[in-house]
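Everything below concerns the one structure shown next.
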Amino acid sequence: MQIPFTKMHGLGNNYVYIDLFNYEIDEKLYSDLAIHMSDIYTGIGSDGMILIHPTTAADVGMRIFNKDGSEGKSCGNGLRCTAKYAYENGIVQNRKFHIQTKANIVEAEVSVDNNKVDQVTIDMGEPILARNEIPMMGNNDSKVVNEPFVVAGETQYVTAVSMGNPHAVFFVNDIAEAPLETLGPTIEKDMRFPESINVEFIEVVSSTEINFRVWERGSGITQACGTGACAAVVAATLNEKVTKSHPIVVHLAGGDLNIEWKEDNHVWMTGPAEVIASGLFYYKGK
Ligand SMILES: N[C@H](CCC[C@H](N)C(=O)O)C(=O)O
């Protein structure tokens, strides 16, 4: 099977995109295809696979699969790249349009320079804060804000936020000391998170800046995570380290995102989206 793809990235968080408006694949192959395409040695090499697909619910649909073949429910960097692709390939004609994910329907607005999309703004919707909707163990709908969380014999303090996909946010004094490799995989698979979880370590530099590193569910350390950056700003606000409805610059390993949790309770994200390559992937099937 020769599958046409476009590889794109948002601040280095890179995925292999397949345009299902122009190519059909059996849904039973999605997970295995994501694993094979993501493989750095025998595949294209990426943080996962994203499908851009027709939907009656919005102008365009997006599904994200992690490197391990698991399906995520949303993807901020993926949404910006999907918006860029949809506009530049005539799937949408307006600069403002809607994208459906497994979690929700978001509004995208592309800024265009010389017929190319450079920056994309996404209204990522409202954060989900109720414990049982993150989800995190504990049958109540209380918020998880700076809650003691014993892991690897030490007490950490977790703030849990869902942006349609789950995030466990921890504050550190120095981002260079973030225990990504040690605690990331342990927390990702901790039984207190029934659907596993994305793990963020953040250093609040000032009331308008956050340093950020991420261990992603199903993909490990990535250069950037858009939904994670949104969760980080929500977590910092809930812990009164930044104030609501002020734009925050989140410094990720791959670059900066502008995030704002607005008075209407929606979280807005603005950042770049780039095409890396396109071509054919020779898939042997399962
Ligand atoms: N990198 C993505 C998040 C992927 C989330 C995925 N790892 C999961 O929730 O399973 C982003 O830019 O938001």
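It should be emphasised that the depicted structure is a prediction, and the values quoted were computed from it without experimental measurement. Indexing begins at 1, ligand by ligand and atom by atom, following the structure's order.
Both the sub-6.0 Å distance and the 45° axial angle are not jointly satisfied by Arg63 relative to the ring of Tyr30.
The ring of Phe281 has its center no closer than 6.0 angstrom to the ring center of Tyr17.
Sorted by chain then number, the residues whose non-hydrogen atoms approach ligand 1 to under 4.0 Å are Asn13, Tyr15, Ile64, Asn66, Gly72, Ser74, Cys75, Gly76, Asn77, Asn165, Asn198, Glu216, Arg217, Cys225, Gly226, Thr227.
Looking at residues two or more places apart in sequence or on another chain, you find no side chain to side chain donor-acceptor pair (under 3.5 Å) involving Asn258.
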Side-chain donor-acceptor pairs of residues 115-125 under 3.5 Å, sequence neighbours excluded:
{"unit_1": "Asp118", "atom_1": "OD1", "unit_2": "Ser111", "atom_2": "OG", "d": "2.6"}
{"unit_1": "Thr121", "atom_1": "OG1", "unit_2": "Thr270", "atom_2": "OG1", "d": "2.7"}
{"unit_1": "Asp123", "atom_1": "OD1", "unit_2": "Gly125", "atom_2": "N", "d": "2.8"}
{"unit_1": "Asp123", "atom_1": "OD1", "unit_2": "His266", "atom_2": "ND1", "d": "3.0"}
{"unit_1": "Asp123", "atom_1": "OD2", "unit_2": "His266", "atom_2": "ND1", "d": "2.8"}

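Between Lys84 and Val275 there is a side-chain heavy-atom pair separated by less than 4.5 Å.
Hydrophobic cluster membership for Ile40: Tyr41 (Ile, Leu, Val, Met, Phe, Trp, Tyr linked by side-chain heavy atoms under 4.5 Å, directly or transitively).
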